[in-house]
Amino acid sequence: MELSDLRSRAEISDALAALAWAQDRKDWAHVRAAYLPDATYVHPGGRLEGADAIADRTSRALDLLDSSQHLVGSIVIEVCGSHATSLAQFQAVHVREDAVGGELYTIAGSYTDRWTLTEGGWRIAHREQQYYWRTGNREVVVPTDLGDKS
């Protein structure tokens with residue numbers, strides 16, 4: 001393995017962690033910047049086109065929460081020049097104290113990402129999110145204006 005591949009793998013791993021932190025800190029500018037402008041995001045509730053749409057939906061889903069914690073691990077990364085793929089498992093705990101039916105909702109699953117190296121660093125070109133299991137009160141993460149229940 002080339003030294004540049006090792007550096008790229010470390011940078012992508014850091015970018016995954018930084019994106020999780022940004023979601024929990026509600027840093028929507030960082031969430032947007034993690035994706036290419038024309039990125040796509042496929043999740044159990046549908047498909048999003050573009051970094052603006054991804055950041056907007058993320059903010060609408062998480063802004064109503066009192067807190068969240070997105071943990072990312074078991075990361076596997078393959079680098080091929082200026083492109084890469086990663087597979088990472090996640091567990092996301094969502095807390096909304098005023099939710100009827102309970103304040104916690106946890107989702108566990110995976111992210112499969114395609115990355116592109118830009119002048120500003122590695123950015124996600126495409127993300128596919130899968131759920132493995134969910135537990136708790138789903139209403140915690142469902143604002144009435146979101147349009148889907150994912």
Side-chain angles (χ1 to χ4, degrees), residues 5-6 8-80 83-117 121-150:
D5 288 348
L6 291 172
S8 292
R9 289 175 62 181
E11 289 171 355
I12 290 168
S13 183
D14 285 351
L16 283 165
L19 177 55
W21 275 101
Q23 290 172 317
D24 294 333
R25 291 181 176 167
K26 301 180 181 182
D27 181 350
W28 309 130
H30 184 99
V31 170
R32 183 177 292 103
Y35 295 89
L36 291 176
D38 61 347
T40 53
Y41 189 137
V42 177
H43 59 92
R47 179 182 177 94
L48 300 165
E49 303 277 342
D52 289 338
I54 295 165
D56 181 58
R57 185 183 184 284
T58 303
S59 69
R60 287 187 292 133
L62 298 178
D63 271 342
L64 72 148
L65 301 177
D66 294 304
S67 63
S68 65
Q69 184 179 43
H70 291 76
L71 303 173
V72 181
S74 302
I75 301 167
V76 178
I77 301 167
E78 292 184 29
V79 178
C80 185
H83 298 280
T85 58
S86 67
L87 177 61
Q89 293 182 323
F90 74 87
Q91 192 171 103
V93 180
H94 307 86
V95 180
R96 192 171 93 204
E97 295 171 6
D98 66 351
V100 175
E103 66 182 21
L104 295 175
Y105 183 60
T106 302
I107 302 171
S110 66
Y111 299 124
T112 302
D113 296 321
R114 288 194 318 258
W115 297 81
T116 299
L117 182 59
W122 287 96
R123 300 290 181 261
I124 299 172
H126 178 77
R127 169 168 275 190
E128 291 190 25
Q129 180 184 38
Q130 281 190 306
Y131 293 166
Y132 297 158
W133 55 266
R134 297 179 280 180
T135 188
N137 179 15
R138 188 174 179 168
E139 295 303 310
V140 167
V141 295
V142 182
T144 56
D145 68 340
L146 189 58
D148 67 38
K149 291 190 174 197
S150 58

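Here, residue 1 is the first one in the sequence, and each next residue gets the next number. Since this is a predicted model, take the numbers as computed values, not measurements.
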Residue pair Ala51 / Leu36: nearest heavy atoms and the distance that separates them: CB-O, 3.5 Å

Check: Asp63 side chain, Lys26 main-chain N or O, donor-acceptor pair, under 3.5 Å: no

Validation row: Tyr41, Arg57 side chains within 4.5 angstrom (heavy atoms): no

Rounded distance [0.5 Å steps], CD in Glu97 versus OG in Ser67: 7.5 Å

His83 side chain near Glu78 side chain, heavy-atom distance below 4.5 Å: no

Shortest non-hydrogen contact from Ala92 toward Phe90: N-CD1, 4.0 Å

Arg96 and Asn137, any side-chain heavy atoms less than 4.5 Å apart: no

Shortest non-hydrogen contact between Ala88 and Val72, atoms and distance: CB-CG1, 3.7 Å

Interatomic spacing from CG in Asp24 to NE2 in His94 - rounded to 0.5 Å: 8.5 Å

Nearest atoms (heavy-atom pairs only) where Ala53 meets Glu49: CB-O, 3.3 Å

Flag side-chain contact, heavy atom, 4.5 Å: Val93 against Leu104: yes

NZ/NE/NH1/NH2 to OD/OE distance under 4.0 Å, Asp5 and Arg9: no

Closest heavy-atom pair and its distance - Ile12, Ala84: CD1-CB, 3.5 Å

Arg114 side chain to Ala125 backbone, donor-acceptor under 3.5 Å: no

Ser86 backbone acceptor or donor facing Asp113 side chain under 3.5 Å: no

Side chain proximity check, Leu19 to Ile124, heavy atoms < 4.5 angstrom: yes

Close side-chain approach of Asp14 and Trp122, heavy atoms under 4.5 Å: no

Test item: Gln69 and Val95 side chains (from C-beta on) under 4.5 Å apart, heavy atoms: no

Any donor-acceptor pair under 3.5 Å from His43 side chain to Gln129 backbone: no

His126 and its side chain to side chain donor-acceptor pair (under 3.5 Å) partner, picked from Thr112, Thr40, Thr116: Thr40

With sequence neighbours excluded, residues passing side chain to side chain contact (heavy atoms under 4.5 Å, CB included) with Ala33: none

Any side-chain heavy-atom pair of Leu16 and Trp115 under 4.5 Å: yes

From Arg123 atom CZ to Arg32 atom CZ, the distance as rounded to the nearest 0.5 Å: 13.0 Å

Asp27: side chain to side chain contact (heavy atoms under 4.5 Å, CB included) partners, not counting sequence neighbours: Ala22, Ala29, His30

Test side chain to side chain contact (heavy atoms under 4.5 Å, CB included) applied to Thr58 - qualifying residues, sequence neighbours left out: Gln23, Trp28, Val31, Ile54, Leu62

Interatomic spacing from CD1 in Ile107 to CH2 in Trp133 - rounded to 0.5 Å: 9.5 Å

